[in-house]
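A quick write-up on the structure given underneath.
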Amino acid sequence: MSDNEQGADSSANISSVPAYRYNAKMAQGIEEKWQKTWDEKGTFWAANVKGDLTDGKGRHADGRTPYFAMDMFPYPSGKGLHVGHPLGYLATDVVSRYHRMKGENVLHAMGYDAFGLPAEQYAVQTGQHPRVTTEANIANMRRQLHRMGLSFDNRRTFATIDPGYMRWTQWIFSRIYDAWYDSDFVRPDGGKGSARHIDTLIDQFRSGKRAIPGFEDSGKSWDQLTEAEQADVLNDFRLAYISKSPVNWCPGLGTVLANEEVTAEGKSERGNFPVFQRELRQWSMRITAYGHRLIEDLDIIDWPQKVKLMQRNWIGESHGASVHFKVETPDGGQDMEIYTTRPDTLFGTTFAVVSPEHDLLQHVPAAWPENTPESWKGGYATPAEGIKAYRLAAESKTAQDRVDEAGEKTGLFTGLYATNPITGDKLPLFTADYVLMDYGTGAIMAVPGGDQRDYDFAKKFDLLVIYTVKPLPDSGDDLANYEGKAPFVSHDGIVINSSTEHTQAKGDALNLNGLRVNDAIDKVNQWLEAAGVGKGTVSYRLRDWLFSRQRYWGEPFPIVYGEDGVPHLLPDSMLPINLPDVPDYSPKTFDPMDAESNPEAPLSRNEDWVKVTLDLGDGPKTYYRDTNTMPNWAGSCWYYMRYLDPNDTEHMVDSDEYEYWMGPNHNKESGKTGGVDLYVGGVEHAVLHLLYSRFWHKILFDLGYVDTPEPFYKLFNQGMIQAYAYTDDRGQYVPAAEVEGGPADKSGEPTFTWHGQPAFREFGKMGKSLKNIITPDDMYARYGADTFRLYEMSMGPLDESRPWNDRNVVGGMRFLQRLWRNVVDENTGEVTVSDVEPDAKTLKLLNNTIAAVTEEMEHMRPNTSIAKLIVLNNHLTGLKAVPRAAVEPLILMLSPIAPHICEELWSKLGHAESLAHEPWPKADERYVGEESVTAVVQIKGKVRAKLEVSPSIEPNELKDMALKAVADRLGGKEPRKVIVKAPKIVSIVPAE
RNA sequence: GCUCCCGUGGCGGAAUUGGUAGACGCAGCUGACUUAAAAUCAGCCGCCUUUGGCUUGUGGGUUCGAGUCCCACCGGGAGUACCA
């Protein structure tokens with residue numbers, strides 16, 4: 001290849017710009033040339049241990065350490081990328097290139113999450129089939145990413161919509177459907193509880209080892225049940241099951257949604273439409289079975305604390321007790337089970353509350369008991385009448401209403417009384433909407449002396465308040481500070497007023513007085529269990545994962561229903577189940593407030609597809625396909641494994657490849673946990689994708705398909721790139737590119753103008769409507785991909801958000817130009833480096849830079865790496881001749897960040913092979929460190945003198961020098977104290 | 001309300017276990033080169049009342065020494081919300 005091809009700039013001949021200056025145009029030529037070379041030579045092809053990826057071009061895996069660096073794969077939206085999107089991709093690319101140079105076998109690839117709402121909505125907008133628009137969007141995104149020089153193994157790319165991929169998504173669903181959670185089973189790793197094949201459950205039913213729920217007293221054996229009865233029993237155990245409880249119905253989107261997709265305000269995360277609770281038959285996944293393990297295993301992975309905390313909070317494990325209260329009802333009494341985290345406060349319970357949906361409310365008396373205070377009746381003539389009205393009012397409240405009114409308690413007496421099992425006290429039973437049906441048991445014991453909500457309620461209805469915990473004696477706090485004003489809610493306290501001595505309780509005596517709260521909880525739990533009225537339990541906030549959507553653009557379920565409505569799993573040989581053509585693939589949406597509307601799946605519009613004749617082992621019969629589709633999270637739950645073995649038609653992933661790339665011993669950095677070595681993506685997936693993915697992985701682990709319990713060992717959240725946007729004086733956004741900066745005003749604030757009018761700056765996201773979008777394509781045209789990469793990597797720490805500032809990009813460009821000039825004569829294009837030995841100072845700087853940059857790269861700090869490389873380059877610029885022995889390591893160290901220009905310079909320096917697999921420079925220990933250091937002499941912490949000393953100076957020698965240097969300040973007096981930290985600091989405390 | 005994170009020059013940001021605050025870049029200023037400009041190169045560049053003093057959101061504390069540790073407050077961001 002000739003230097004002239006990309007070096008000569010035709011415009012340079014007219015102006016005075018040197019012919020071989022590194023500028024945008026030259027960068028473009030260099031970059032496209034190297035991208036082509038990498039593609040042709042398969043430079044970034046990672047070698048597999050077996051299978052058809054072990055072909056000639058990739059280097060063979062042979063014992064090299066594997067390193068798997070992965071990005072959260074993107075939705076190919078129609079808008080294309082802006083400069084904020086690829087920050088994480090650039091980070092993983094820099095890391096991948098660095099590890100490749102460390103001699104590791106690096107797996108780095110990119111796929112596309114192409115099902116789901118964004119792709120479908122874009123298709124609906126443009127009136128084209130989703131497959132057409134999705135594939136066009138993928139092509140455009142692939143082009144933008146390719147132009148960035150990302151070092152992907154392009155043989156391993158795929159999209160979730162590919163039939164060869166979707167087949168395995170459906171296959172995994174089938175495995176989950178055919179599994180149940182055996183909480184008594186001891187796993188090979190020693191833990192208790194495991195997913196197992198549904199046949200093991202059937203065996204337990206058959207053998208009588210486990211009673212068949214619902215048929216305990218029927219005397220029927222498993223084989224005497226009808227097919228429909230069996231299916232119904234199994235449904236309650238399967239990990240993928242048809243839910244019978246209320247689900248989130250979003251009429252505005254025309255689909256049901258998972259809890260994770262509903263905001264705190266009760267709106268859909270996408271579109272912000274109201275969401276209603278409706279009883280609809282929908283697919284659900286039993287993620288609650290894994291609640292504890294999903295929390296527990298956070299300890300063995302290297303994730304940001306923030307994300308771990310968000311997952312812990314979302315799962316919301318709380319330890320408490322369930323306690324049975326007897327309730328006197330007209331029909332002879334009912335049992336009420338309550339859940340509490342503070343069983344130690346049972347003696348402070350003065351009333352009880354059930355949620356308005358609670359079953360107990362069907363057993364209320366016909367009339368109010370005598371002496372019922374008027375305020376408890378809510379103005380209603382009978383309990384039943386009041387409860388009906390109260391329930392209706394509670395149901396009509398949106399989640400937002402509940403949030404707004406939090407603190408303002410409402411409620412109604414039920415006419416019933418519950419008996420406290422410890423004290424024997426008769427407690428009035430209320431219903432109130434501050435008790436939620438879907439948490440705990442939907443019923444609580446109210447302790448106004450120890451809980452703010454119960455206290456508020458007690459004040460409103462004039463109920464008794466008893467304190468059963470007082471502040472610790474040495475806390476400086478006193479119960480008198482609370483009485484009549486507030487509950488004492490802290491766990492740090494001493495139990496009081498809690499003994500059966502003066503009560504009518506049955507069973508053994510119990511005295512909690514004087515105990516610390518946690519000890520009292522243990523003691524009371526033992527008592528409850530012994531008395532048979534309760535026990536310690538664990539409760540979760542996490543709900544099962546609603547898994548079906550009424551959408552066209554998703555994976556169909558591998559399920560058909562017989563004429564009798566019994567579901568049947570289709571055999572693996574029938575996979576994939578492809579999407580049919582339908583007359584109209586757009587979702588059926590409704591008035592966003594129409595809670596009574598019913599979902600209508602687009603797939604149901606193709607009757608020929610829905611109704612099929614199949615032979616499922618007992619002769620041809622008519623079946624009806626499930627017309628729901630899976631949520632887009634399905635495809636992204638397991639894609640990381642497919643990169644390992646993308647073309648396998650026999651397995652989801654080959655077990656030897658899994659072992660090599662992700663197994664428990666694949667890489668020292670991931671310890672024994674295994675998993676993806678580095679996973680980079682936005683924090684917005686903390687409780688969505690990352691929770692679902694862990695859940696699926698654990699099922700596959702339990703069932704033996706993978707041998708590591710966690711999918712992602714190290715997680716890193718990149719920050720967001722923010723941007724300035726500008727408005728005119730009417731508040732309309734104006735194009736940011738056309739705004740000019742003005743002088744600072746009187747208060748020091750900068751001013752801005754747009755075509756002469758005043759403009760106002762605001763700060764936030766990059767977006768089309770804000771008219772401040774800058775695309776990678778803009779950057780390629782103005783500076784080239786290397787400068788773009790350099791700028792994004794130098795902006796600051798990768799995990800922090802920061803503003804894009806167009807003006808600063810030029811700094812990176814200048815650095816690359818200076819590096820170029822250090823190697824190439826701008827006018828002639830000749831290589832100018834010298835083969836002379838570097839001088840002592842250059843050697844020092846070079847080796848210190850290598851040591852420092854290596855350290856920075858290990859910790860994913862490209863910003864400080866770049867700063868140090870600039871220092872080295874600036875030093876070389878000042879030399880008469882640039883030594884090859886100094887500039888070559890510099891080029892190698894810069895190459896992960898600005899790979900194209902470095903490849904070009906490397907080849908100009910006479911190297912025939914790409915530098916992608918060149919060994920990372922190693923610092924020569926003889927030249928690391930400094931000749932002399934500046935020691936600082938401080939008096940009372942203030943710098944009073946500086947001394948140039950040897951790094952190995954003896955502390956006593958340094959002390960003498962320091963005392964001499966500041967002798968005049970000490971006035972001849974002996975200092976009170978001298979602290980010597982050789983060779984950097986001498987700190988002197990003078991005499992008074 | 002609760003929990004977590006973050007506050008450093010005009011701007012983006014540096015600063016091992018507490019040890020010279022402001023690396024590197026942008027912007028700005030001076031000079032060289034140039035008819036001139038750009039580019040490039042060499043310098044300067046926290047603030048003030050400049051032999052010195054002050055300075056990492058504010059006020060305290062611990063320490064010989066605090067951007068870093070502790071307490072309180074102010075400001076910004078994120079998560080979460082009647083979860084018993």
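What you see below is based on every heavy atom in this structure, not just the backbone, and it leaves out hydrogens, waters and symmetry mates. All chains are named by letter (A, B, ...) in the order of the sequence lines, taking the proteins before the strands, and each is independently numbered beginning at 1.
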Which nucleotide sits closest to the side chain of [X]: [options]?
{"X": "A/N808", "options": "B/rA14, B/rG25, B/rG53", "result": "B/rG25"}
{"X": "A/Q938", "options": "B/rC82, B/rA84, B/rU20", "result": "B/rU20"}
{"X": "A/Y434", "options": "B/rC41, B/rC82, B/rA14", "result": "B/rC82"}
{"X": "A/L436", "options": "B/rU20, B/rG25, B/rC83", "result": "B/rC83"}
{"X": "A/R807", "options": "B/rA27, B/rA84, B/rG25", "result": "B/rA27"}
{"X": "A/S987", "options": "B/rU20, B/rG19, B/rG10", "result": "B/rG19"}
{"X": "A/R21", "options": "B/rA81, B/rG79, B/rA39", "result": "B/rA39"}
{"X": "A/I870", "options": "B/rC11, B/rG25, B/rA14", "result": "B/rG25"}
{"X": "A/V871", "options": "B/rA27, B/rG19, B/rC24", "result": "B/rC24"}
{"X": "A/R541", "options": "B/rC4, B/rC41, B/rC83", "result": "B/rC83"}

Rounded to whole Å, please give me the gap between [atom1] in [X] and [atom2] in [N].
{"X": "A/Q311", "N": "B/rA78", "atom1": "CD", "atom2": "C1'", "value": "16 Å"}
{"X": "A/Q305", "N": "B/rU3", "atom1": "CD", "atom2": "P", "value": "17 Å"}
{"X": "A/D451", "N": "B/rG1", "atom1": "CG", "atom2": "P", "value": "19 Å"}
{"X": "A/K308", "N": "B/rC4", "atom1": "NZ", "atom2": "C1'", "value": "15 Å"}
{"X": "A/R342", "N": "B/rA84", "atom1": "CZ", "atom2": "P", "value": "11 Å"}
{"X": "A/R814", "N": "B/rC24", "atom1": "CZ", "atom2": "C1'", "value": "14 Å"}
{"X": "A/N873", "N": "B/rC41", "atom1": "CG", "atom2": "C1'", "value": "14 Å"}

Please classify B/rG65 as syn or anti, treating any glycosidic angle within 90° of 0 as syn. anti
Would you say [X] places a side-chain N or O within less than 4.0 Å of OP1 or OP2 belonging to [N]?
{"X": "A/N313", "N": "B/rU3", "value": "no"}
{"X": "A/N874", "N": "B/rG25", "value": "yes"}
{"X": "A/R821", "N": "B/rC41", "value": "yes"}
{"X": "A/R818", "N": "B/rC41", "value": "yes"}
{"X": "A/Y439", "N": "B/rA84", "value": "yes"}
{"X": "A/K306", "N": "B/rC4", "value": "no"}

Same-atom distance ([atom1]) from [N] to [M], integer angstrom:
{"N": "B/rG43", "M": "B/rA23", "atom1": "P", "result": "15 Å"}
{"N": "B/rG18", "M": "B/rC69", "atom1": "P", "result": "9 Å"}
{"N": "B/rC24", "M": "B/rA15", "atom1": "P", "result": "13 Å"}
{"N": "B/rC73", "M": "B/rC2", "atom1": "P", "result": "10 Å"}
{"N": "B/rC6", "M": "B/rU16", "atom1": "P", "result": "15 Å"}
{"N": "B/rU58", "M": "B/rG76", "atom1": "C1'", "result": "15 Å"}
{"N": "B/rA14", "M": "B/rA21", "atom1": "C1'", "result": "10 Å"}

Identify the stems formed by RNA chain B, where each pair is Watson-Crick or G-U wobble with both distances under 3.5 angstrom and a stem is at least 3 consecutive pairs. B:1-7 with B:74-80, B:10-12 with B:24-26, B:28-32 with B:40-44, B:46-48 with B:52-54, B:57-61 with B:69-73
Using a heavy-atom cut-off of under 4.0 Å over every strand shown, decide if [X] touches base, sugar-phosphate, or nothing.
{"X": "A/D454", "result": "nothing"}
{"X": "A/V683", "result": "nothing"}
{"X": "A/R802", "result": "sugar-phosphate"}
{"X": "A/K981", "result": "base"}
{"X": "A/S794", "result": "nothing"}
{"X": "A/I979", "result": "base"}
{"X": "A/R312", "result": "nothing"}

Within 6.0 Å of NZ in A/K959, more than 12 heavy atoms from elsewhere: no
Is any side-chain heavy atom of [X] closer than 4.5 Å to a side-chain heavy atom of [Y]?
{"X": "A/P797", "Y": "A/R861", "value": "no"}
{"X": "A/T414", "Y": "A/F430", "value": "no"}
{"X": "A/I897", "Y": "A/I866", "value": "yes"}

Taking atom CE of A/M961 and atom CG of A/N956, what is their separation to the nearest 0.5 Å? 13.0 Å
A/F488/A/Y467 aromatic ring centres below 6.0 Å: no
Does the ring center of A/F351 lie less than 6.0 Å from the ring center of A/F457? yes
Using the rule side-chain contact (heavy atoms from CB on, under 4.5 Å), only one of A/L876, A/L872, A/I870 pairs with A/N874; which is it? A/I870
Can you see whether A/W820 has A/R21 sitting over its ring - NZ or CZ less than 6.0 Å from the centre and within 45° of the normal? no
In terms of side-chain heavy atoms, does A/S355 have a donor or acceptor partner in A/D433 at a distance below 3.5 Å? no
Can a donor-acceptor pair under 3.5 Å be found between the side-chain atoms of A/K409 and the base atoms of B/rC82? yes
For A/E855 and A/T340, take the nucleotide of RNA chain B holding the closest heavy atom to each; which residue's nucleotide lies nearer the 5' end? A/E855
Does the plane of the ring in A/F788 sit parallel, tilted or perpendicular to the ring in A/W804? Use 30° and 60° as the thresholds. tilted
